Undergrad: 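Just dropping this structure here.
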2 protein chains.
Amino acid sequence: MVNIADVAKAAGVSRSTVSYALSGNRPISRETRERIDLAISELGFTVNAGARALATAQTMVLGLLVQFEDDEFPPAMLQYILAVSTAARELGYDILMVTDDHGPDAVRRITSSNMVDGVVLLDVVHDDPRLQPLREARQPGALVGLPRDTEGLDVFDLDFGEAARLIVDHLHGLGHRDIILVSPPRHVFERGGAYAWRFREAALERAARHDIHLYAHYGESQQPGIERSVNAIIDARPQATALIVHNDASIAALPAVLRERGIAVPRDLSVVSLYSRDFGRTFLLPYTAVETSPDELGRLAVQHLVRRITEPDYGPPVVRFVEPQLTDRGSTA
Amino acid sequence: MVNIADVAKAAGVSRSTVSYALSGNRPISRETRERIDLAISELGFTVNAGARALATAQTMVLGLLVQFEDDEFPPAMLQYILAVSTAARELGYDILMVTDDHGPDAVRRITSSNMVDGVVLLDVVHDDPRLQPLREARQPGALVGLPRDTEGLDVFDLDFGEAARLIVDHLHGLGHRDIILVSPPRHVFERGGAYAWRFREAALERAARHDIHLYAHYGESQQPGIERSVNAIIDARPQATALIVHNDASIAALPAVLRERGIAVPRDLSVVSLYSRDFGRTFLLPYTAVETSPDELGRLAVQHLVRRITEPDYGPPVVRFVEPQLTDRGSTA
DNA sequence: CTGAAAGCGCTTACAG
DNA sequence: CTGAAAGCGCTTACAG
């Protein structure tokens, strides 16, 4: 394998000069630089990433921890993964993606061995067991999803409370007084998926203030049973005039359910949901909805993480909520 | 950061002895080993992965190249990613996931810098531009998907030709003589998605032999337009008694389309498709289908890749087709 | 503007 | 069964 010494010899300079030419960390004469460039391209030299990492204590790799929970809807996850990966590459970082079942061990493993310069956690839950090892790590961490205790970590999430208020207010303004809410599965609440109850509680609170009856139900996230559960929920609340769906799997299945029941939107029922624009390229979703912004969240997390890696005193940890935006697609009346 | 010298000092031995205790590459007395273990846990020592990689020329990291094509159906991709990641971890490898738009550069970048010990390529097309840089790399490569030229690379794929014959024979045996085939989008054929035409050609050839009319159409893979395209295809072939769907997006949308049209399966129409078992947890798919085995393909690719990394003369490249298996879910008659 | 040398944290022949 | 030392391929003060 051709190394920096080979290049130095071919160019007739020292190894340090080659290194500085590579990094640009000190001025090099034009002539010398040209000889080095020539040698590099003739020999096909590429810096050995491991050796550079050892010398600089920077790997230029970010860890990405993904958890494939059974109650997670796969198509939604991929958007976050892609967003993080793309944002990282734009800043010169690669992604070490870890899908281990046991997240805390994975965090410890990749941080204590110095495989990564920082860590992004996806699918963060209220009491996430990965937070402690991440706080103990040398490397900074950024979370997508709000945990109970954000200490020492940068946190990014959609403002689910505000999203709920936005939606309830929107329906209230249209005169709806009986509204169904389809939440994530019960299991998501139980394992601490804070986005689920943050949305539900804010919706209930807001509905109460408006004297609206809000019927909150758990939806499903796995087939078979998604259509069945949505049907059962609608059956249970015949008086409802609007449906809020905070459940990826259920909203994906909703068009088929409504067609089957002969329910026209928004004539017979108003529908509002939360999903990302890209989600609507996989599923046929003509509904007014809050944009969940996976791209923006992934990008924010990576950008802050990289700043924290490169600027030692970047300031106190950041907890940032993305402002929900309601996109009106005409599914409410 | 605590390093191997700190451990050696605390345990009262040399650095080499600590290293050998870690690797198990030479016998260590019980007493010495215990002192070392104690020092390691007291100091909280973890081997520095980069330093080890530099010394051993092994990173214990596999590159995973993923391409998010617009005509790809995201839910299906995730299964391959997860399969590769899981199989790698079981063999002690981590995954460097690269989603660059420009695959050939990405392959060159991660291999020439020695960031990885081997590379897995997903979504391989007929004339895949990533193959050349991969062949030129020091590291071995494994592909999921069959390219035109398999030279020098281990290749794994479902036997799409056999899958087509299996399905056509199955329908022929049931007496069908007019069959619709919904293929992947035209763009997949154009960019060299070999699985698309391997399946279609084998199906056409087999149908001709049986004197079956096989009506091959391109389906869609993005909303809006999937339901519409399936409807148009069915409208165009009223005489058909069976439907073969080789298109993830279309099969996911099929239940809604058939319900809307009032078509009962298999009474009015027989349906056969190709998808994985897990795919049926995201979508409601009660159809007889060939299992596409993403788990098995991902696992095979990783296992062979790792053997090729660890056993210098593992033998000639392998091209292995996974045998298609038809799971009868009663959607044909 | 450039070079010689130390150091990053490991592993592994070589020697005993 | 164990140690001293060279080497993996870089970077970066230090010196000129």
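All values below come from the heavy atoms of this structure, side chains included, with hydrogens, waters and symmetry mates left out. All values reported here derive from a predicted model rather than from experimental measurement. Note on naming: letters A, B, ... go to the chains in the order of the sequence lines (proteins, then strands), and numbering restarts at 1 for each one.
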Undergrad: Taking 4.0 Å as the cut-off, does a side-chain nitrogen or oxygen of B:S29 come that near to OP1 or OP2 on D:dT2?
TA: yes
Undergrad: I need the CD1-P distance between A:I4 and C:dG7, as an integer number of Å.
TA: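 Whole-Å distance recorded here is 19 Å.
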Undergrad: Write out the stems for DNA chain C, ordered by first number and formatted as range with range, counting runs of at least 3 consecutive Watson-Crick or G-U wobble pairs under 3.5 Å.
TA: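 Expected stems, ordered by start: C:1-3 with D:14-16, C:5-12 with D:5-12, C:14-16 with D:1-3.
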Undergrad: Measure from CG on A:N114 to P on C:dC8 and round the result to the nearest Å.
TA: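 Computing the A:N114:CG to C:dC8:P distance gives 14 Å.
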Undergrad: For B:F45 and B:I4: C-alpha separation, side-chain torsions, deciding distance, then whether side-chain contact (heavy atoms from CB on, under 4.5 Å) applies.
TA: CA-CA 8 Å; B:F45 167 76; B:I4 207 169; 4.2 Å; yes
Undergrad: Using 4.0 Å as the upper bound for N to carboxylate O, is an ion pair formed by A:E72 and A:R191?
TA: yes
Undergrad: Closest-nucleotide mapping onto DNA chain C: is A:S14 or B:S23 further toward the 5' terminus? I mean the 5' end.
TA: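 So the residue in question is A:S14.
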Undergrad: Do B:L300 and B:V318 have side chains that get closer than 4.5 Å, going by heavy atoms?
TA: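 No, side chains not in contact.
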Undergrad: Between A:R108 and A:D105, is there a side-chain N and carboxylate O pair less than 4.0 Å apart?
TA: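 Salt bridge flag = yes for A:D105 with A:R108.
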Undergrad: State the CG-CZ distance between B:D117 and B:R308, to the nearest 0.5 angstrom.
TA: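 Taking CG in B:D117 and CZ in B:R308, the distance rounds to 15.0 Å.
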Undergrad: Regarding B:R135 and B:D149, does a basic nitrogen lie under 4.0 Å from an acidic carboxylate oxygen?
TA: yes
Undergrad: Just do the side-chain contact (heavy atoms from CB on, under 4.5 Å) check on B:L143 and B:T150 with the steps written out, would you?
TA: CA-CA 9 Å; B:L143 319 187; B:T150 65; over 6 Å; no
Undergrad: For A:L22 and D:dT11, what is the distance between atoms CG and P respectively, to the nearest whole Å?
TA: 6 Å
Undergrad: Output the rounded distance in Å from CE (B:M1) to P (C:dC8).
TA: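 These atoms are roughly 10 Å apart.
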Undergrad: From NZ of B:K9 over to C1' of D:dT2, roughly how many Å is that when rounded to an integer?
TA: 19 Å
Undergrad: Kindly determine whether A:R130 and A:V119 satisfy side-chain contact (heavy atoms from CB on, under 4.5 Å), including the steps that lead there.
TA: CA-CA 11 Å; A:R130 300 171 299 178; A:V119 174; over 6 Å; no
Undergrad: Using whole Å, what does the distance between atom P of nucleotide D:dT11 and atom CD of A:Q58 come to?
TA: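 Going from CD in A:Q58 over to P in D:dT11 covers 12 Å.
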Undergrad: Are any of A:N25's side-chain N or O atoms less than 4.0 Å away from OP1 or OP2 of D:dT11?
TA: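 A:N25 to D:dT11 OP1/OP2: no side-chain N or O under 4.0 Å.
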Undergrad: Of the nucleotides D:dC10, D:dC1, C:dG3, which one has an atom closest to the side chain of A:N3?
TA: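 Nearest to the side-chain atoms of A:N3, counting from C-beta on, is D:dC10.
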Undergrad: Using whole Å, report how far CG of A:D6 lies from P of D:dG9.
TA: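 It is 9 Å, rounded to the nearest whole Å.
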Undergrad: On a plain distance test, is the side chain of B:R15 in donor-acceptor contact with the base of D:dG7 below 3.5 Å?
TA: no
Undergrad: For the residue pair A:M77 and A:D123, establish whether any side-chain heavy-atom pair is separated by less than 4.5 Å.
TA: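 In short, these two side chains touch, coming nearer than 4.5 Å.
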Undergrad: Whole angstrom is fine here: how far is it from CZ in A:R26 over to P in C:dA4?
TA: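 Answer to the nearest Å: 11 Å.
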Undergrad: What residues in residues 31-55 of chain A put a non-hydrogen atom under 4.0 Å from any atom of DNA chain C?
TA: A:T32, A:L54, A:A55
Undergrad: Base, sugar-phosphate alone, or nothing: which one does B:S16 contact when heavy atoms must sit under 4.0 Å apart?
TA: base
Undergrad: Which residues pass the salt bridge (charged side-chain N to carboxylate O under 4.0 Å, His left out) test with A:R26, not counting sequence neighbours?
TA: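 Counting only residues at least two positions away or on another chain, A:R26 forms no salt bridge (charged side-chain N to carboxylate O under 4.0 Å, His left out).
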Undergrad: With heavy atoms under 4.0 Å as the rule, sort B:T56 into base, sugar-phosphate or nothing.
TA: sugar-phosphate
Undergrad: When all nucleic acid strands are considered with a 4.0 Å heavy-atom cut-off, which category describes A:I28: base, sugar-phosphate, or nothing?
TA: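 If one applies the 4.0 Å heavy-atom cut-off, A:I28 turns out to touch the sugar-phosphate alone, with no base involved.
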